[in-house]
Number of protein chains: 2
Amino acid sequence: MFDRLATPGDRAQPTGHVTSLHPSDTRPAGSFQCTASDVLRWTGLGADASAATEGIRFGLRRVLAEQTLVHEGQHFENLYLVVAGSFKHVQIDLEGYEQVLGFAIHGDMLGLDGLGRDQHTCGAMALEDATVAVMPFAELQSLGHRLPALERLLHRATGTELLRRADTQYLMSAPSSEVRVARFLLQLSQRQRALGHSDRRLRLVMTRRDIASYLGVAHETVSRALTALVHEGCIAVAHRDIEIVDDAALRELQRLTRGRLPHDPRELVA
Amino acid sequence: MFDRLATPGDRAQPTGHVTSLHPSDTRPAGSFQCTASDVLRWTGLGADASAATEGIRFGLRRVLAEQTLVHEGQHFENLYLVVAGSFKHVQIDLEGYEQVLGFAIHGDMLGLDGLGRDQHTCGAMALEDATVAVMPFAELQSLGHRLPALERLLHRATGTELLRRADTQYLMSAPSSEVRVARFLLQLSQRQRALGHSDRRLRLVMTRRDIASYLGVAHETVSRALTALVHEGCIAVAHRDIEIVDDAALRELQRLTRGRLPHDPRELVA
DNA sequence: CGAATCTTTGAACTGAGTCAATTAAAGTGG
DNA sequence: CCACTTTAATTGACTCAGTTCAAAGATTCG
């Protein structure tokens, strides 16, 4: 379903010090690059890495919290792979309101909305200090002609992005805000697990407003839904740290969909 | 711009004879194929057509109304380009409810969600009798290595799909159902215009239920919103034919977003 | 012509948005 | 390092829009 990143084996040291990911690295300290093999590993395609991909270098770029990596309307030139930190995908609507379209974490690709056209339609802003691998699209494309692994990387990334959007639509189609929030938390949990992190302890790196925009509800509603879930014993909330206490209950709740009555009284224990 | 396909006139004989699109065609009558040049033209990349693309053939496949072209979980092998008719993208959720993720019409690509993986996650069902061009992905990929036009086709299609999903999220994030429906109509209108059809007269090829699922509201609400828009003089509704009477009013209404009060009394004339 | 589905409309209830106020956290500057 | 400011988060009260249930038209199809 949400197959995310890779085999449990290759995501090793998740997002630590980027340069430290390559202990045997002989590059000068200031170079700040990574190899195509790294990129493949981070996207779950480690098996496709080879000597050839080992020789290809991509620049790394640091992005401070709140900084915009991709501006709306910006010329499309590069794709970015999130190496560390996290981002939100945003689009400003006619009124100037910011619509959050999704969140990107380690292993996710940014800038795909520019594919096939000359400028980006969505922006990407760092939620915390982050690092991305910069992959010039033209370069990636020509490399892909000779290295199937890199072509596969692009296809995999776009397919994943499409899948995630479908997931988001499913999430937003929930009639109840509590269900939306529950699904959101389960989504986060699943992505954390796919990266080899704990799927019980979540750190919300985004504000409640961001979540609210993403879910299409008022930000007060997010707060209320979270406290409701706490009272039901599903989760524990401390600031931006969330612990999933009763995974089964959360999953059960999340299934509640339009048209279904709670004929099972267990759900109303409150 | 685009070949004129499927105007209200030839709907009775749904997809017409596709081969008739090429009057100078010398292929045998039964071949039922199209060229890569056709595909490029239909996707708006006609400028990239060349003698080389003219020699590449793709099979055409007819799909009857209500028939499923792509099943959820089906092995990913082909991409499909909608040549005539229309489709809905669907996903069945845990309860067995069908979630409509989007609609595809002439020039749209189907099956992109399988990119980078071995099976489809979303299904595609014909809303009316339809015709698609079948493009085996492996073939398209290898052709793309020598013909940049075909590679561009794939990128363009994925980018377009991503953009459309963002549009859908924007649509679903509207707090009021009336606004959602208004945005939906404007979306349809825009796509019709892009195809060179009238952007005033819309034929809804999907049921209210489909629209409701797509918008994340109850199907009764879609009905109510439509009649409300009629009373406001924005549109005229006859069965599944909709005419956009007051485009400006519809656009104004669609702008209404969370947090804004109708301080302009003009909006409440009802 | 009748069966099935689609669509519209009505009425009641409730959940979510809005407004408002309080508390908590984080960043600023003396 | 601590007042001070700003932003984020929670909670409450009220209102209304949308869901749900129910039923009656309309349309399509066999």
Provide, to the nearest angstrom, the distance between the [atom1] atom belonging to [X] and the [atom2] atom belonging to [N].
| X | N | atom1 | atom2 | value |
| --- | --- | --- | --- | --- |
| B/H231 | C/dT9 | NE2 | P | 7 Å |
| A/E128 | C/dA26 | CD | P | 14 Å |
| B/Y97 | D/dT19 | OH | C1' | 12 Å |
| B/I211 | C/dT5 | CD1 | P | 19 Å |
| B/L215 | D/dG18 | CG | P | 12 Å |
| A/E220 | D/dT15 | CD | C1' | 14 Å |
| B/R208 | D/dG18 | CZ | P | 17 Å |
| A/L226 | D/dA9 | CG | P | 10 Å |

Check every strand shown and say whether [X] touches a base, only sugar-phosphate, or nothing at a heavy-atom separation below 4.0 Å.
| X | answer |
| --- | --- |
| A/S177 | sugar-phosphate |
| B/R240 | sugar-phosphate |
| A/E178 | nothing |

Discussion item. I'd like to know whether B/Q99 forms a side-chain contact (heavy atoms from CB on, under 4.5 Å) with B/Y214, so could you lay out the CA-CA distance, the side-chain angles of the two residues, the decisive distance to 0.1 Å, and finally the verdict.
Written reply: CA-CA 7 Å; B/Q99 172 69 35; B/Y214 176 62; 6.0 Å; no

Discussion item. Between the side chains of B/D167 and B/R183, is the shortest nitrogen-to-carboxylate-oxygen separation below 4.0 Å, so that they form an ion pair?
Written reply: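 So B/R183 does not pair with B/D167 through a salt bridge.
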
Item to complete: State whether the number of non-hydrogen atoms from other residues, nucleotides or ligands found under 6.0 Å of A/R208 atom CZ is greater than 12.
Response: yes

The side chain of [X] lies closest to which of these nucleotides: [options]?
| X | options | value |
| --- | --- | --- |
| B/S176 | C/dA20, D/dG18, C/dA16 | D/dG18 |
| A/R224 | C/dT7, D/dT10, C/dG17 | C/dG17 |
| B/T207 | C/dC6, C/dC19, C/dT9 | C/dC6 |
| A/H219 | D/dT10, C/dG17, D/dT19 | D/dT10 |
| B/T227 | D/dT19, C/dT9, C/dG17 | C/dT9 |

Item to complete: Output yes when at least one side-chain N/O atom of A/R209 is less than 4.0 Å from OP1 or OP2 of D/dA9, else no.
Response: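 For A/R209, the contact criterion (side-chain N or O under 4.0 Å from OP1 or OP2 of D/dA9) is not met.
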
Worksheet entry | Phosphate-side-chain proximity, A/H239 and C/dA25, N/O vs OP1/OP2 below 4.0 Å |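 Looking at the OP1 and OP2 atoms of C/dA25, one of them is under 4.0 Å from a side-chain N or O of A/H239.
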
Worksheet item: So, B/S189 side chain and B/D199 main chain: donor-acceptor pair closer than 3.5 Å or not?
Response: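 Pair found, side chain donor or acceptor close to backbone of B/D199.
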
Worksheet item: Roughly how far, to the nearest 0.5 Å, is the CD atom of A/E66 from the CG atom of A/L127?
Response: 8.0 Å

